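Just so you know, these numbers come straight off a predicted model, no measurement behind them. So that the names make sense, note that chain A is the first sequence line, chain B the second, and so on, each numbered from 1.
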2 protein chains.
Amino acid sequence: MSVDEQRRVKRLPREVRERQILDAAVRVFSEHGYHNASMDEISDVAGVSKPMIYAYLGHKEDLFAACIRREAGLLMAAIAAGVRAELPPDMQLWHGLRAFFRFVGDQRASWRVLHRQATSQGGPFSEELLAMRARAITLVTALLARSAAESDLDDSAVKSTEALAAALVGAGESLADWWLDHPSVPEKVVASWLMNLVWMGFGDLVEGAVWTPTPE
Amino acid sequence: MSVDEQRRVKRLPREVRERQILDAAVRVFSEHGYHNASMDEISDVAGVSKPMIYAYLGHKEDLFAACIRREAGLLMAAIAAGVRAELPPDMQLWHGLRAFFRFVGDQRASWRVLHRQATSQGGPFSEELLAMRARAITLVTALLARSAAESDLDDSAVKSTEALAAALVGAGESLADWWLDHPSVPEKVVASWLMNLVWMGFGDLVEGAVWTPTPE
DNA sequence: CCCGTAGCCTACTCAGAAGTAGGTTTCGGG
DNA sequence: CCCGAAACCTACTTCTGAGTAGGCTACGGG
C-alpha cells in the first residue's frame with residue numbers, strides 16, 4: 001500500500017533492496033515474533049514482492065538469521081565504540097553499560113528481534129546469539145581481568161572471572177528486556193542501577209554506599 | 001503408540017486426564033516451542049485423542065496458559081518453602097536463590113515453557129508471566145526492605161529498592177536460562193555466583209572479598 | 001537500435017496443523 | 001436390567017502461510 005501511493009519507486013540496485021528488506025524484516029519479526037511474522041507482511045512493509053525476498057535473502061530462516069547477524073554487529077560496534085581503553089575499569093564498565101542501554105533504547109525493534117525472539121527459537125538462531133554473547137563476555141572478561149590485575153587476587157577468584165562476566169552480560173540482557181516493558185525509566189537510570197548492583201552489591205548499597213561516575 | 005502397546009488403559013476420571021495432558025503439554029511445548037508444538041503430538045504423548053484436549057483444556061492458547069499457571073505456582077511454592085523468615089536477610093536470599101535454582105535444575109522442562117516460551121510469545125501469555133514475576137519481585141523487595149530497615153537508609157535508596165529487586169529477579173531468570181545451556185555446572189555453584197555478584201559486587205570481589213553462607 | 005541480464009510481479013500450489021462432527025463404549029444409579 | 005451421561009475415538013474440514021512457476025520490463029553495453 002505504502003509504495004503504490006507514491007507512483008512506484010524505480011528499480012533499485014540489489015544492495016538497496018536488501019537493506020529495505022532487512023529493515024522491514026527486523027520490524028515485523030520484532031512485532032509479531034518469528035512464527036507469527038509472515039513473509040507476505042514483510043514483503044508488504046518492504047514495498048517489494050515476496051519472490052524478491054526469496055531471491056535475495058533466501059528462506060524465512062535465512063532471512064531471520066541475516067537480521068540477527070546484522071543487528072548483533074551493530075550492537076557490538078556501539079558498545080565497543082563506547083568503551084575507551086584508557087579509562088579505569090569501573091568507568092569503562094560504566095560507559096559500556098551506557099552504550100548498551102542507549103542502543104537498546106534507540107533500537108527497540110532490533111533488541112526485540114535480537115534477544116527475545118532469537119533466544120526463544122531453537123536451532124540455528126540461538127547459535128548466532130551465542131556467538132554474539134560470547135563476544136560480549138570476552139569483552140567484559142578482559143575488562144574485569146584488567147581490573148583484577150591491579151589488585152592482588154588469588155587463583156580461584158581469577159578463575160571465576162569469566163563466569164561473573166557471563167552473569168553480568170545475562171543481567172544486562174535481562175534488565176534490558178525488563179526495560180522494554182517499562183520505557184518511562186530514563187536510560188541513564190537503568191544503567192546506573194545495573195552499575196550499582198554489579199559493582200557495589202546489595203551488601204554495600206544497603207549500608208548507604210553508592211557508586212557514582214567520576215566526572216572527566 | 002505408547003498406550004496401545006499396553007492394552008488400552010481404562011477410562012479415567014477427568015482430573016487424572018487433565019494432569020496427564022498438562023504434563024504432556026509442558027514437555028512438548030518446552031521441546032518444540034509454542035508454535036512448533038502440535039496438538040497432535042501433545043495428544044499422542046498424553047496417550048489421549050485430540051478432541052479430549054479440546055474438551056478438557058480448551059484451545060491451544062488456553063492449554064498453554066494453563067501450563068504456565070500451573071508451573072508458575074509450583075515454582076513460587078518451591079521458593080517460598082525455601083525462605084525461612086527467622087534467618088538474617090543475606091541467608092534468606094541465599095536460600096531463596098538455592099530453592100530457585102534447584103527448581104530450575106529439577107524441572108528444566110517447566111522452566112523452559114515458563115520462561116523462554118512465555119516471554120517470547122506476546123499476548124495473554126506474557127501477562128501470566130508478568131504476574132508471577134511481580135510476585136517474585138514483591139518477595140525480594142520485602143526481603144531487601146527488611147535488610148535496609150536494619151541500617152539507616154536515606155529516601156532515594158529506599159525508593160530504588162524495588163528496582164533493584166527487579167534487577168535481581170531478572171538476573172536470576174537470565175542466569176537460569178544460561179544454566180540451561182551449561183548443565184555441567186552444579187546448582188550450588190551457580191547460586192553462589194549470583195549471590196556473590198549481587199551481594200558483594202565486582203568492586204568487592206575484585207579486592208578478594210567473598211560471601212560465604214554462615215553454617216547454621 | 002537491439003538484446004541479455006538484472007530487477008520485479010501476479011498468481012498459483014501444497015503441506016501442515018487447528019479445530020470439529022458425529023459416533024461408540026463403559027460406568028454408575030435407579 | 002436399563003438408560004443417561006461421561007469418557008473416548010476416527011475421520012474429516014478448513015485455512016493459513018511458506019515457497020514457486022513463469023513471465024514481464026527497464027537499463028546498459030555493443
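- One can place NE2 of B:His35 at 18 Å from P of C:dG16, the figure rounded to the nearest angstrom.
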Let me see the working for B:Phe101 and B:Trp111 under ring pair (Phe, Tyr, Trp, His ring centres under 6.0 Å), right down to the final yes or no. CA-CA 10 Å; B:Phe101 283 108; B:Trp111 178 253; 8.9 Å; no
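- Rounded to an integer number of Å, the gap from B:Glu41 CD to C:dG16 P is 14 Å.
- Counting all heavy atoms, side chain and backbone alike, B:Phe100 lies closest to B:Gly172 at CE2-O, 3.5 Å.
- Using a cutoff of 4.0 Å between basic side-chain nitrogens and carboxylate oxygens, B:Arg133 and B:Glu173 are scored as salt-bridged.
- At whole-Å resolution of the value, NE2 in B:His32 and P in C:dG16 are 15 Å apart.
- A donor-acceptor contact closer than 3.5 angstrom is absent between the side chains of B:Asp90 and B:Trp199.
- Listed for the A:Ser174 side chain is a donor-acceptor partner under 3.5 Å among the backbone atoms of B:Gly170.
- The distance between atom CG of A:Asp40 and atom C1' of D:dA18, rounded to the nearest whole Å, is 9 Å.
- Across the interface with DNA chain D, nearest-nucleotide mapping of A:Lys50 and B:Lys50 shows B:Lys50 to be the residue nearer the 5′ end.
- Per the geometry, CG belonging to B:Leu12 stands 15 Å off C1' belonging to D:dC9, to the nearest Å.
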Once each nucleotide of nucleotides 21-30 of chain D is scored for protein heavy atoms under 4.0 Å, what B/S/- sequence comes out, 5' to 3'? B---BSS---
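- Of the residues in residues 52-70 of chain B, those with a non-hydrogen atom less than 4.0 angstrom from any atom of DNA chain C are B:Tyr54, B:His59, B:Lys60.
- One finds a salt bridge joining A:Glu18 and A:Arg14 here, because a Lys/Arg side-chain nitrogen approaches an Asp/Glu carboxylate oxygen to under 4.0 Å.
- Among the nucleotides D:dC9, C:dC8, D:dG19, the one closest to the side chain of B:Val48 is D:dC9.
- None of B:His115, B:Met76, B:Glu71 except one satisfies the side chain to side chain contact (heavy atoms under 4.5 Å, CB included) rule with B:Met132; the exception is B:Met76.
- Under 4.0 Å is where a charged nitrogen must lie from a carboxylate oxygen, and between A:Asp23 and A:Arg70 at least one such pair does.
- Residue B:Arg14 contributes atom CZ, which lies 18 Å from atom P of C:dG28 at whole-angstrom precision.
- Among the heavy atoms of the strands lying under 4.0 Å from A:Ser38 are primed sugar atoms or P, OP1, OP2 only; no base atom is included.
- For the pair B:Asn36 CG and C:dA15 C1', the computed distance is 15 Å after rounding to whole Å.
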